Amino acid sequence: MDELIEEAARIILGSKLTLALTGAGISVESGIPDFRSRGGLWDRFDPEEYGTIYAFRKDPEKVWKMLKEMEDTLDRARPNEAHVGLAELESMGLLQCVSTQNVDNLHQEAGSRDVIEYHGNSRSLTCLWCNRKHDYKEKKGEYPPRCTCGKILKPDVIFFGETIPFEAMERSSQLASTCQALLIVGTSALVSPFNILPRQAKQAGAKIIEINLERTVLTDHITDIFLQGKASEKVSQVVSAVKELRGL
Ligand code: NAD
């Protein structure tokens, strides 16, 4: 067994409360590009121009061109082994919660039950004018989708410039400051305020395990164990090591 993988598995086995933080990188192998991938959505649609609430309010029709592509990509995506591995850890009682920046629903599809959607989700839409909520299935195929009041709807994903849902922020923060182990998968940790959570956990004495293809701003100062590689491979290896050490 790889030494670092074994160490990560031992930390998880010895922890009374483990939290996972995930970002776009965990879903790349499911076919959803992250902000950095060449040729991905964000190469063609500048997040500054398409990802802010100001852009949406100014020209929702234009932003829906990007949202439609995003919706098509999300529709095709299926959970990969990293999502499944985290769900397995939860079912073994070794992971209390996943707090994700992703809006793709893949943790839930993989079987995770306790998922905090820090940046909202893409399965419902809200009218910014009359506040009416709509299920995304009800509006599927309608571009741009409109509310019964006639205005263009916004998906319940958090755009840059919007406030994080209070409960998601509070609960993530509370878990980060009380967990004994923190597993961080596929995030550049550049988006605030989500990127405060690893620091909170570190300050509270948690052991930090980071999985990423590349080193990040966390790797040198926050991370205790850095597992460099694809999320699907590294999460699966950790889950297998946990099972082996448990004698399963
Ligand atoms: P990011 O794009 O800034 O960073 C992605 C990170 O994942 C990078 O550090 C990269 O090295 C790593 N990575 C890429 N492929 C990987 C793989 N196969 N295995 C392991 N690591 C891999 O993403 P972020 O930190 O989540 O922040 C971007 C914002 O964009 C978030 O707010 C998120 O909500 C949003 N976003 C979400 C989705 C989604 O829902 N799937 C997709 C794109 C962007």
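Whatever order the structure lists ligands and atoms in, that order sets their numbers, starting from 1. Heavy atoms only: backbone and side chains are in, while hydrogens, waters and symmetry mates are out. All residue numbers refer to positions in the sequence shown, counting from 1. Please read these numbers as outputs of a predicted model, since none were measured by experiment.
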Side chain, backbone, both or neither: which part of [X] has a heavy atom under 4.0 Å from ligand 1?
| X | value |
| --- | --- |
| E29 | side chain |
| I32 | side chain |
| A24 | both |
| V28 | side chain |

Numbered atoms of ligand 1 (with element) below 4.0 Å of [X], judged on heavy atoms:
| X | result |
| --- | --- |
| G229 | 19 (N), 20 (C) |
| G23 | 26 (O) |
| K230 | 19 (N) |

Exercise. Within the distance-only criterion (no hydrogens, no angle test), does the side chain of N212 pair as donor or acceptor with the backbone N or O of T187 below 3.5 angstrom?
Worked result: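 Between the backbone of T187 and the side chain of N212 there is a qualifying donor-acceptor contact (under 3.5 Å).
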
Exercise. Can you tell me if E233 uses its side chain to pair, donor with acceptor, with the backbone of Q237 under 3.5 Å?
Worked result: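 Flag not set: sc E233 to bb Q237 has no pair under 3.5 Å.
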
Please give me the minimum heavy-atom distance between [X] and [Y], naming the atom from each residue.
| X | Y | answer |
| --- | --- | --- |
| V103 | L74 | O-CD1, 4.2 Å |
| Y118 | I158 | O-CG1, 4.2 Å |
| V63 | F159 | CG1-CE2, 3.8 Å |
| L94 | R246 | CD2-NH2, 3.9 Å |
| T22 | N102 | OG1-ND2, 4.4 Å |

With a 4.0 Å cut-off on heavy atoms, does [X] reach ligand 1?
| X | answer |
| --- | --- |
| A82 | no |
| I211 | no |
| V191 | yes |
| A77 | no |

Is the shortest side-chain N to carboxylate O distance from [X] to [Y] below 4.0 Å?
| X | Y | answer |
| --- | --- | --- |
| K202 | D224 | yes |
| E117 | R123 | yes |
| E162 | K154 | yes |

For [atom], which candidate among [options] holds the nearest heavy atom?
| atom | options | result |
| --- | --- | --- |
| atom 10 (C) of ligand 1 | D104, N212, T187, N80 | N212 |
| atom 42 (C) of ligand 1 | S188, S122, P33 | P33 |
| atom 6 (C) of ligand 1 | G186, A231, P47 | G186 |

Exercise. Should V103 be counted as touching ligand 1, given the test is an N or O pair under 3.5 Å?
Worked result: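 Yes, V103 has an N/O under 3.5 Å of an N/O on ligand 1.
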
